[in-house]
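From a predicted model like this one, the values you see are computed outputs, not experimental measurements.
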Amino acid sequence: QVQLVESGGGLVQAGGSLRLSCAASGRTFSIVTMAWFRQAPGKERAFVAAIRGSGGSTYYADDVKGRFTIARDNSKNTMYLQMNSLKPEDTAVYYCAATYASSFYIKDYDYWGQGTRVTVSS
């Protein structure tokens, strides 16, 4: 089992920045990919960014590319999402997730955090 706990959400004005954290514990050594997803009000949960493998390859959804940066600190078993130039449409609950697979599909993620809310005001 893997436990994931997000933190760092909040209210920010458009153009501002936030950094989300995801602390992982448990059987983390078998995890291949960790990712951030988000779910805006009235919408389905969607992929935001992922970091994969020992080399830490990163992948981003088109609408956050160039504004968000995913990173991890293996010594702390923590993943981060640095969000810059935030827009009102970034408002959502952000979820940290982990999988034993090399995948960006929600269905392949075995472990999820409880979510942290990000609200961007215009």
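Under a cut-off of 6.0 angstrom, the local environment of NZ in K65 is crowded, with over 12 non-hydrogen atoms contributed by other residues, nucleotides or ligands.
No cation-pi contact links R45 to F37, judged by a cut-off of 6.0 Å to the six-membered ring centre and 45° from its axis.
The closest side-chain heavy-atom distance from L20 to Y80 is not below 4.5 Å. Looking at heavy atoms from C-beta onward, M34 lies in side-chain contact with C96 at the 4.5 angstrom threshold. In this structure, V2 and D110 have side chains that are not in contact, with every pair of non-hydrogen atoms separated by 4.5 Å or more.
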Task: From CA spacing to verdict: side-chain contact (heavy atoms from CB on, under 4.5 Å), I31, T99 - done: CA-CA 6 Å; I31 293 298; T99 177; 6.0 Å; no
Open item on the list: The test is side-chain contact (heavy atoms from CB on, under 4.5 Å); show your working for V120 and Q13 and say whether it passes.
Closed with: CA-CA 5 Å; V120 184; Q13 287 189 333; over 6 Å; no
Task: Candidate pair L18 and V118, rule side-chain contact (heavy atoms from CB on, under 4.5 Å), full reasoning - done: CA-CA 9 Å; L18 280 175; V118 172; 3.9 Å; yes
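When all heavy atoms of V64 and V48 are compared, the closest pair comes out as CG2-O, 3.5 Å. Heavy-atom minimum distance, A24 versus T28: CB-CG2, 3.8 Å. Pairing each heavy atom of S122 with each of A14, the nearest pair is CA-CB, 4.4 Å. In terms of heavy atoms, T116 sits closest to G9 at OG1-N, 3.1 Å. Minimum heavy-atom separation, L11 to S121: CD1-CB, 4.4 Å. Contact record, A49 with L81: CB-CD1, 4.2 Å, taken as the closest heavy-atom pair.
Transitive grouping of hydrophobic side chains (ILVMFWY, heavy atoms separated by less than 4.5 Å) keeps M79 and Y95 in distinct clusters.
Taking a cutoff of 4.0 Å between a charged side-chain nitrogen and a carboxylate oxygen, R38 and D90 qualify as a salt bridge.
Taken from OH in Y94 to SG in C22, the straight-line distance is 15.0 Å, to the nearest 0.5 Å.
With hydrogens and angles left out, the side-chain atoms of R52 and Y59 include a donor and acceptor closer than 3.5 Å. With 3.5 Å as the limit, one finds a donor-acceptor pair spanning the side chains of S17 and N84.
Side chain of T78 to main chain of K76: a donor-acceptor pair is present (N/O by atom type, distance under 3.5 Å, no hydrogens or angles). Looking only at distances, a side-chain donor or acceptor of E6 sits under 3.5 Å from a matching main-chain atom of Q114. Looking at Q82, its side chain never comes within 3.5 Å of a backbone N or O of T69 through a donor-acceptor pair. For T119 (side chain) and T91 (main-chain N/O), no donor-acceptor pair under 3.5 Å exists by modelled atom type.
For Y111, the ring pair (Phe, Tyr, Trp, His ring centres under 6.0 Å) criterion is met by Y100, not counting sequence neighbours. Remark: F68 pairs with no residue by the ring pair (Phe, Tyr, Trp, His ring centres under 6.0 Å) rule, at least two apart or across chains.
Ring centroids of F104 and F47 are separated by less than 6.0 Å, placing the two rings close together.
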